[in-house]
Amino acid sequence: MGVALRPLIADYKESLAWDQLGGTAAIDAYNALYQFLSGIRQPDGTPLMDDEGRITSHLSGLLFRTANLVEKNITPVYVFDGKPPAFKEATLAERRVIRENAKESWERAVKEGDEDSARKYAMASSKVDAFITDSSKELLTALGIPWIQAPEEGEAQSAYMAAAGDVTYAVSQDYDSLLFGTPKLLRNLTVSGKRRLHGKYVPVYPERLILAEVLNGLEMTQVELIASALLIGTDYNSGVKGVGPKTAVKLVREGKFAERIVESENAADPEELIRYFLDPPVEKNYTIAKKAPVQEKVFEILCEQHGFSEDRVSAGLERLGAKKGQATLDSWF
DNA sequence: TCAAGATG
DNA sequence: CATCTTGAC
C-alpha cells in the first residue's frame, strides 16, 4: 500500500543527491525483491532464468543494487517480512487474486503476440515466494551484507531500528514505515536515475521524508497520522468510503475519528490497529555488521548454480570491496 | 558524451 | 532493474 497516504505527505518529500545519503539503510526486502522480479524481465515478460528454469531476476538486482549502495557509502541491511498479522489477510487475498488474474492475462497476451500487454501483466504476476527469499538470503550472506528476519512486518522492524538509531534510514517505496514511526524514510534508491512513465523516461532522484517534518507540517501527532491513514485505508483495513486524505485529516482534527472509523471494514478493532502501528512485534536482538564478501561462495551461487557470467560477477564483487586476485573461481582449476 | 537497444 | 555495446552527434 502506501499509495493512499501519498497526497498527505507529498509536500514534505525532499530530493537529494547521492552524496548526501551516507549511512546505514534498512531496506524493505519484500519491496526491493518485488521491484526486481517485476522489472527485470524480457520484453515478453519472461523473467531472467537459469538453464533449469529457476528465476534469477532478483539475484541480479540484489548484486548490482547492493554494489551501488556500498559504492555510495550506504550500508544496506535487508529486512525480511515474517508472518503477516492476521488482520492483513484480506489484503493478501486481494493481491493473490490480482496476481492470478494477471498471470492468465499474461499468457493470453503472449498468445496474441501483444508484447506491451504481456510485459505489463507479467510484472503484475510477480510473486515473492520462499525460493525468492531463501536464495536472496543465501546470496546476501555470501556477499557479506547483513540481513534481518522480522517476526512480522519488515516495515515495522525497519522503523524500530531507525528509531533506535541503529540505522539511518528505512528504505521502501511504500510509506508504511512512517506509520510505524520511522524517523527518516528514503525512496527511489535506484541507480539508473530514470524511470519509465507513460512510455517516456523521466529522471528520478533519491527522495527523503522526515517524519517530524510531516507531523509538524500537518500539525499532527503520530497517533493522529495513524488515525488519518486508517480512515483512508491501510493494508489492515478498507478505509471509510468517500474519505480521502483531505477529509481524513479534517475528521481527525475535528475529533471525529472514533465516530467515522466504524464505517470501515476492519478485521480488527481500530484501537488494536493503532496499537499495532505504535508497538508492533519486532526483533530487538540483532547485529548489523557488513563483512567482506566470500567470493568463492558468490561465484558458486551465481556462476555455477545460476549461470551468471563470471565477468559481471567479478565486477560486482570488486565494487563491493572484494580484493582483486583473492580466491576467485579461476584459482580452483 | 549520451541515449537507444540488446542482454543478463 | 542494471549493465554493456553501439552509433549518432
Side-chain angles (χ1 to χ4, degrees), chain A residues 2 18 21 25 27-74 76 78 80 102 106 110 115-116 118-129 131-133 135-140 142-143 145 147 171-174 186-207 293 298-322 324 328-329:
Chain A
W18 280 97
L21 296 176
I27 299 180
D28 179 358
Y30 174 86
N31 192 265
L33 293 175
Y34 188 88
Q35 280 183 354
F36 297 145
L37 285 183
S38 60
I40 306 181
R41 287 171 185 270
Q42 295 168 5
D44 73 343
T46 312
L48 290 197
M49 289 186 290
D50 63 20
D51 50 19
E52 289 182 46
R54 291 172 298 202
I55 293 179
T56 56
S57 299
H58 59 303
L59 301 178
S60 178
L62 270 181
L63 174 69
F64 293 121
R65 183 176 291 181
T66 302
N68 279 319
L69 294 177
V70 169
E71 249 180 3
K72 303 220 149 76
N73 277 324
I74 299 169
Y78 287 86
F80 289 83
W106 175 21
V110 168
E115 211 164 58
D116 287 353
R119 194 165 206 287
K120 189 180 82 190
Y121 289 124
M123 289 175 76
S125 72
S126 307
K127 180 169 196 247
V128 178
D129 61 16
F131 167 73
I132 300 295
T133 51
S135 50
S136 296
K137 290 171 182 175
E138 189 193 19
L139 176 62
L140 289 170
L143 291 172
I145 299 299
W147 58 269
V171 179
S172 178
Q173 290 305 99
D174 291 345
L186 284 188
R187 302 180 69 249
N188 297 344
L189 226 51
T190 59
V191 152
S192 59
K194 281 185 182 168
R195 176 176 305 157
R196 236 165 99 185
L197 202 66
H198 322 299
K200 292 220 164 188
Y201 281 93
V202 296
V204 284
Y205 304 98
E207 185 179 289
V298 175
F299 280 112
E300 186 194 316
I301 296 168
L302 293 179
C303 303
E304 288 180 54
Q305 291 178 20
H306 296 302
F308 281 51
S309 107
E310 281 183 38
D311 287 349
R312 288 187 140 221
V313 174
S314 318
L317 274 170
E318 229 168 287
R319 294 164 52 200
L320 273 164
K324 208 178 175 177
T328 64
L329 195 64

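Letters A, B, ... are given to chains in the order of the sequence lines, protein chains preceding strands, and every chain is numbered from 1.
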Check: Is the shortest side-chain N/O distance from A:N68 to OP1 or OP2 of C:dT3 below 4.0 Å?
Finding: yes
Item checked: Distance below 4.0 Å between A:R41 side-chain N/O and B:dA6 OP1 or OP2 -> no
Checklist line | Test ring pair (Phe, Tyr, Trp, His ring centres under 6.0 Å) applied to A:W147 - qualifying residues, sequence neighbours left out | finding: A:F80
Take atom [atom1] of [X] and atom [atom2] of [N], then tell me their distance rounded to the nearest Å.
X      : N     : atom1 : atom2 : result
A:Q305 : B:dG8 : CD    : P     : 20 Å
A:L302 : B:dG8 : CG    : P     : 15 Å
A:H58  : C:dC1 : NE2   : P     : 17 Å
A:L59  : B:dG8 : CG    : P     : 16 Å
A:Q42  : B:dG5 : CD    : P     : 18 Å
A:F308 : C:dC4 : CZ    : P     : 14 Å
A:I40  : C:dC4 : CD1   : C1'   : 15 Å
A:E115 : B:dA6 : CD    : P     : 10 Å

Check: Between residues 45-57 of chain A and DNA chain C, which residues have a heavy-atom gap below 4.0 Å?
Finding: none
Identify, with sequence neighbours excluded, every residue that meets salt bridge (Lys or Arg N to Asp or Glu O under 4.0 Å) alongside [X].
X      : answer
A:E115 : none
A:R319 : A:E71
A:D129 : none

Notebook entry, point to check: Does a donor on one side chain sit under 3.5 Å from an acceptor on the other, for A:S126 and A:R41?
Noted result: yes
Notebook entry, point to check: Is it the case that A:S172 and A:D174 place a side-chain donor and acceptor less than 3.5 Å from each other?
Noted result: no
Note to self: According to side chain to side chain contact (heavy atoms under 4.5 Å, CB included), who are the partners of A:A124, at least two apart in sequence or on a separate chain?
What the structure shows: A:A102
Next item on the list: Could you tell me whether A:R312 contacts a base, only the sugar-phosphate backbone, or nothing, with contacts defined as non-hydrogen atoms closer than 4.0 Å?
Entry: base
Note to self: So if I take every side-chain heavy atom of A:S60 and compare against B:dG8, C:dC4, C:dC1, which nucleotide ends up nearest?
What the structure shows: B:dG8
